[in-house]
Number of protein chains: 2
Amino acid sequence: MSPSTASTPERIVKAAVKLFYAEGIRAVSMDAVAQKAGVTKRTLYYHFESKDDLVAAYLQTRDQPNLAFFQRCFAGTQGDVADKVAGIFRELARAAGRPGWKGCGFLRTSVELVNMPGHPAMKAARLHKRRVEEWLDGVFKAAGISTPESLARQIVLLLDGSFATTLLHRDPAYMEDAAEAALTLIRAARPPAKAGLKPRRF
Amino acid sequence: MSPSTASTPERIVKAAVKLFYAEGIRAVSMDAVAQKAGVTKRTLYYHFESKDDLVAAYLQTRDQPNLAFFQRCFAGTQGDVADKVAGIFRELARAAGRPGWKGCGFLRTSVELVNMPGHPAMKAARLHKRRVEEWLDGVFKAAGISTPESLARQIVLLLDGSFATTLLHRDPAYMEDAAEAALTLIRAARPPAKAGLKPRRF
DNA sequence: TTGTGTATATTCACTGGTCAGTATACATGG
DNA sequence: CCATGTATACTGACCAGTGAATATACACAA
């Protein structure tokens, strides 16, 4: 775990993750990555075929941790499914207030590579978003909601929208609106439940 | 209106709009803009101080037409406010299916300039989104909805989310989910209306 | 009418810098 | 001696912005 034990490729990817997320793909040169990783550019090119390759590695590295973050927010919030999903947006609002926050790296990368739909990083971005959507779908299915796929897509729209809008205005308040919207949408999608006294807590 | 009568600055901005929207800011060189406008680069720099200047002009040019597009979709759809707003997403879905569609130029530009919050193009992007939000706010106020500002922000989130998600997956189906979500959110925000027989048509 | 000045508009050729990627050589361990 | 890995120094392309000169147009004086 200590930096000295990390292998060279690991250190390179770590440097790439930090720089690409903080400044964007095109804004970061391979020289900059090499320097941040404490390696020569030649060494970098020994371990990664091209910049595109490294960009793909950047997103692939972030896929699991980002999904895990959502899941942690969900699990860590009290209440029913709606509250728990709203909790994701509330945590996102907190994160968006912190200095280094720059929105969603997957979305931002996909914008920079918009004319390269076959780029491995684009595929990684689509895969990540689909994984989030599928996780939400599972959550809603488990909660007995009648239209889980559609609801999952609606929540994904709110997620991506709050990333984009919050990044533009640099105002986490939009995340709170997204939380409210999520609550409304999920409550509206309640199952034709056997009208219990209270919505079941999940 | 014929190309020959357009002034040189007009032709330059038109070329910039096409190229910047189609390929992004950083991907388009000033040489490319000059060539597309049928002008020397030196002429281009005679009329625009810098690339940043031209990028700002690009977004300022698109502000009014884009808003007008939303308003046209709204006005052109039958039904109550909810239906009319949903009509925007339906029209957007049609547009997203067309070949040259590349999402929202304001959002994409703001992503490319994420580390230059004071950039004039960033200001133009924020202004545009705020104008859309304020227009929606007015629409909801006029419809007697009780929480117009909050609802307007929620719809903006769905708009930006559907731009981002549809661009990533290149699948206009997400726009339809956004339309559904908008319907749900607006209907849920109904006024504590004096329970008329039918929701008033606006 | 003609000449001259001045502001606008345009051109060609160039600079200084950046960047992705490479040629070549050197080291080190099995 | 060969595979793996690292370093120095380079190439070729691109790109934002510029220098210097030129063309056009109109104003106004002789």
Point-to-point distance, once rounded to the nearest 0.5 Å, from CG of B:Asp137 to CZ of B:Arg153: 9.0 Å
Whether A:Phe106 and A:His128 hold their rings parallel, tilted or perpendicular, with breakpoints at 30° and 60°: parallel
Cation-aromatic face contact A:Arg108/A:Tyr21, 6.0 Å, 45 degrees: yes
Nearest-nucleotide comparison on DNA chain D, the residue closer to the 5′ end among A:Thr40 and A:Tyr46: A:Tyr46
Footprint string (nucleotides 19-25 of chain C, 5' to 3'): B base within contact, S backbone only, - free, heavy atoms under 4.0 Å: SBBBBB-
B:Gln154-A:Tyr174 side chain donor-acceptor pair, cut-off 3.5 Å: no
Quiz item: cation-pi between B:Arg131 and B:Phe70, 6.0 Å / 45°: no
Rounded distance (Å) that lies between atom P of D:dG5 and atom CZ of A:Arg11: 13 Å
Integer-rounded Å distance: D:dG5 C1' and A:Phe48 CZ: 14 Å
OP1 or OP2 of C:dT8 under 4.0 Å from side-chain N/O of B:His47: no
Short side-chain N/O contact to D:dG5 OP1/OP2 from A:Thr8, under 4.0 Å: no
Distance-only polar pair, side chains of B:Asp83 and B:Thr77, donor-acceptor under 3.5 Å: no
d(CG, B:Leu44; C1', D:dT18) in whole Å: 14 Å
Distance, rounded to the nearest Å, where B:Gln35 contributes CD and D:dC15 contributes C1': 14 Å
